[in-house]
Amino acid sequence: MLDVRRLRADPDGVAAALARRGLDRSEVAKLVELDAAARAAAQERDEARADVKRLSKEVGAARKAGDPAADRLQGESRARGEQAGQAEARATALDEELRRLLLVTPNTPDAAAPDGAGPEDNRVVRTWTPTGVPFNEAAYQACQRVPHWEVAAQHGLLDLERGAKLSGSMFPLWRGAGARLLRGLTSWALDRHTTDPGPGPVWEEVRPPTLVKTATMVATGHLPKFEDDMYHLERDDLWAIPTAEVPLTSLARDELLDAADLPLKLCAYTPCFRREAGSAGRDTRGLLRSHEFDKVELMAVATAEQALGLQAEILARAEGLLRELGLAHRILDLCAGDLAFSSMRTFDIEVWSPGVGAWLEVSSVSWYGDYQARRAGIRHRVEGGGTAVAHTVNGSALAWPRVVAALLEAHRQEDGSVRVPPPVRPWVGGLSRLG
RNA sequence: GGAGGGAUGGCCGAGCGGCCGAAGGCGGCAGUCUUGAAAACUGCAGUCCGGCAACGGACCGGGGGUUCGAAUCCCCCUCCCUCCGCCA
């Protein structure tokens, strides 16, 4: 949620920033007008209430003293109270309208985010290959150019037909070594983040609930705007999380944290649920897109000063995992027009899938400024007094299905078997080959 | 699912319809003392909104209501605890 005070102080600046992601300037003007009207009504209400308080005290004193003026004062107080009530009703209606609009107004892109309208304008920051030579699609062998759903079928790693029987399409069912590999990747990544300190303290492992309340979904910006993309259990009014970012962010919801508690570095494996409404038939083969998938997420609550360093750490950790897996990948600096709703600056990580012949997004590392924390009510004390709204940062390290897709293809040998990258072997019973 | 008990500041906890933004404690900050720390003592300090400020308003789980006036009385909801039932 944008800071209304910033809207007041610099409406043109906010409008210009939001215009970079395609928002019309009149939207901001509407917010500013509503805010002014709401404040005027609130002031009227406060003045009337101040009178009621003063008069009520006088009524009490007069009654005690047997002063006949008490009845008159009581009448005045009642009349003023009615005015306060009317002003209150107006102020509340205006506040609600303002909040309703703010909740569907996206965050302002950071000035450093590149200009652009869509995915084609994202900037490639760097590309990494296992051999160190510049990325070249043509360098991949014929044995690597087999789509992962064929590799998986060959070795019995996935049973997509059975998955569809149980739950419908885009609900993959993992079997045998495939299931084990998936579990191994999760355990390996969690251990890396929770024991390898990297540039700072390790990340605390959390196992949050995966069904959450509406307020939890609103805090991160997933509701109300993206309701159609979420699974909702109507009977209990619970939502299936689309990412661990949702419960992890709400861990600190409505809390006032000590500066010493920051940064709060959290790490979680969870299944993630996405309805993918409107994406039916688009890049949905095999593991490219599914309704339920496993992901390890890193999420931090931080001060403004700490936030960018943590974003860099998450990005470095995610890249580090892909390097250890020996998978070619590239980092994208998302342009203003392609940024997610709540984000100020996002780096996507895409892994090369030689069998599909495409870059696949496996992580999105975002800095939200104080946008999410304001929605979520996450504040911290500031040295020297006062409080500040926290910053939030998060990213996947990593989302597994597409990583596995790339792995099954890139590490496929001429004999059709798939090499298991060394760091994961201890997690899959020492296996060095699948098939 | 049934019965009962709770929800008050960063945390714990007291609170007669007006003198309650709220006792007390812990924790925090500053100082005295100390080589330093601890202890002890003294003092300061809730959060949010509006306002340059003076100041005004809101907030005692959430929402309604009664009243000139509600932390306090009434209604609804949510959450937590205990017991029973069910159960991985």
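Side chains included, hydrogens not; waters and symmetry mates left out as well; all remaining heavy atoms used.
Using a 4.0 Å heavy-atom distance criterion, A:R63 is classed as making no nucleic acid contact. Among the heavy atoms of the strands lying under 4.0 Å from A:A50 are primed sugar atoms or P, OP1, OP2 only; no base atom is included.
Protein atom CZ of A:R80 is 14 Å distant from nucleotide atom P of B:G69, rounded to whole Å. Atom CG in A:D258 sits about 14 Å away from atom C1' in B:G46, given to the nearest Å. Protein atom CG of A:D95 is 12 Å distant from nucleotide atom C1' of B:G50, rounded to whole Å. Between A:E47 atom CD and B:A54 atom P there is a gap of 17 Å when expressed in whole angstrom units. Here the C1' atom of nucleotide B:C79 and the CG atom of A:D237 are 15 Å apart, to the nearest Å. B:C55 atom C1' lies 13 Å from atom NZ of A:K53, rounded to whole Å. Summarising the geometry, the separation between CG on A:L257 and C1' on B:G27 is reported as 16 Å, rounded to the nearest angstrom. Taking atom CZ of A:R379 as the reference point, atom P of B:G46 lies 14 Å away to the nearest angstrom.
Only the P atoms considered, B:G50 is 32 Å distant from B:G28, to the nearest whole Å. Spacing between B:G4 and B:G10 at atom P, rounded to whole Å, works out to 33 Å. For the C1' atoms, the distance linking B:A22 with B:G46 amounts to 11 Å, nearest Å. Taking the P atoms as reference points, B:A7 lies 12 Å from B:C12, given to the whole Å. Distance check on atom C1': B:C16 versus B:A70 gives 13 Å, rounded to whole Å. Comparing the same atom, C1', in B:C73 and in B:G17 gives a spacing of 8 Å after rounding to whole Å. The gap from the P atom of B:U72 to that of B:G63 amounts to 13 Å, rounded to the nearest Å. Between B:G9 and B:U47, the distance separating the two C1' atoms is 8 Å to the nearest Å.
Ion pairing of A:R183 with A:D294 is absent here, as no side-chain N (NZ or NE/NH1/NH2) approaches a carboxylate O to less than 4.0 Å. Note on A:R63 versus A:D71: salt bridge recorded, some NZ/NE/NH1/NH2 to OD/OE distance being below 4.0 Å. Under a 4.0 Å N-O distance rule, the pair A:E58/A:R54 qualifies as a salt bridge.
For B:C68, neither phosphate oxygen OP1 nor OP2 lies less than 4.0 angstrom from any side-chain nitrogen or oxygen of A:R72. The side chain of A:R5 places an N or O atom within less than 4.0 Å of a non-bridging phosphate oxygen (OP1 or OP2) of B:G50. For B:G56, the OP1/OP2 oxygens have no side-chain nitrogen or oxygen of A:R54 closer than 4.0 Å. In this model, the phosphate group of B:G50 is not approached by any side-chain N or O of A:R39 to a distance below 4.0 Å at OP1 or OP2. A:S56 has no side-chain polar atom (N or O) that falls below the 4.0 Å cut-off from OP1 or OP2 of B:U67.
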Would you write the dot-bracket representation of RNA chain B, where each base gets (, ), [, ], | or . depending on whether it forms a Watson-Crick or G-U pair under 3.5 Å and with which partner? (((((((..(((.....[.....))).(((((.......))))).(((((....))))).(((((..]....))))))))))))....

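The main-chain N or O of A:L103 is found under 3.5 Å from a side-chain atom of A:R375 such that the two form a donor-acceptor pair. Side-chain atoms of A:D3 come within 3.5 Å of backbone atoms of A:R5 as a donor-acceptor pair (strictly under, hydrogens ignored). Between the side chain of A:D24 and the backbone N or O of A:S26, at least one donor-acceptor pair lies under 3.5 Å.
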side-chain hydrogen bond (donor to acceptor under 3.5 Å, both in side chains) evaluation trace for A:R253 with A:T216: CA-CA 8 Å; A:R253 198 174 76 224; A:T216 302; 2.8 Å; yes

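The listed nucleotides are B:G51, B:C68, B:U47; the one nearest the side chain of A:S77 is B:C68. Nearest to the side chain of A:R381, among B:C48, B:G10, B:C68, sits B:G10. Distance from the side chain of A:D46 is smallest to B:G57 among B:G10, B:G69, B:G57.
The residue among A:Q43 and A:G386 whose nearest nucleotide of RNA chain B is located toward the 5' end is A:G386. RNA chain B is contacted by both A:V4 and A:L55; A:V4 maps to the nucleotide lying nearer its 5′ end (nearest heavy atom per residue).
With hydrogens and angles left out, the side-chain atoms of A:Q372 and A:S342 include no donor and acceptor closer than 3.5 Å.
Heavy atoms of other residues, nucleotides or ligands lying less than 6.0 angstrom from NZ of A:K225 number more than 12.
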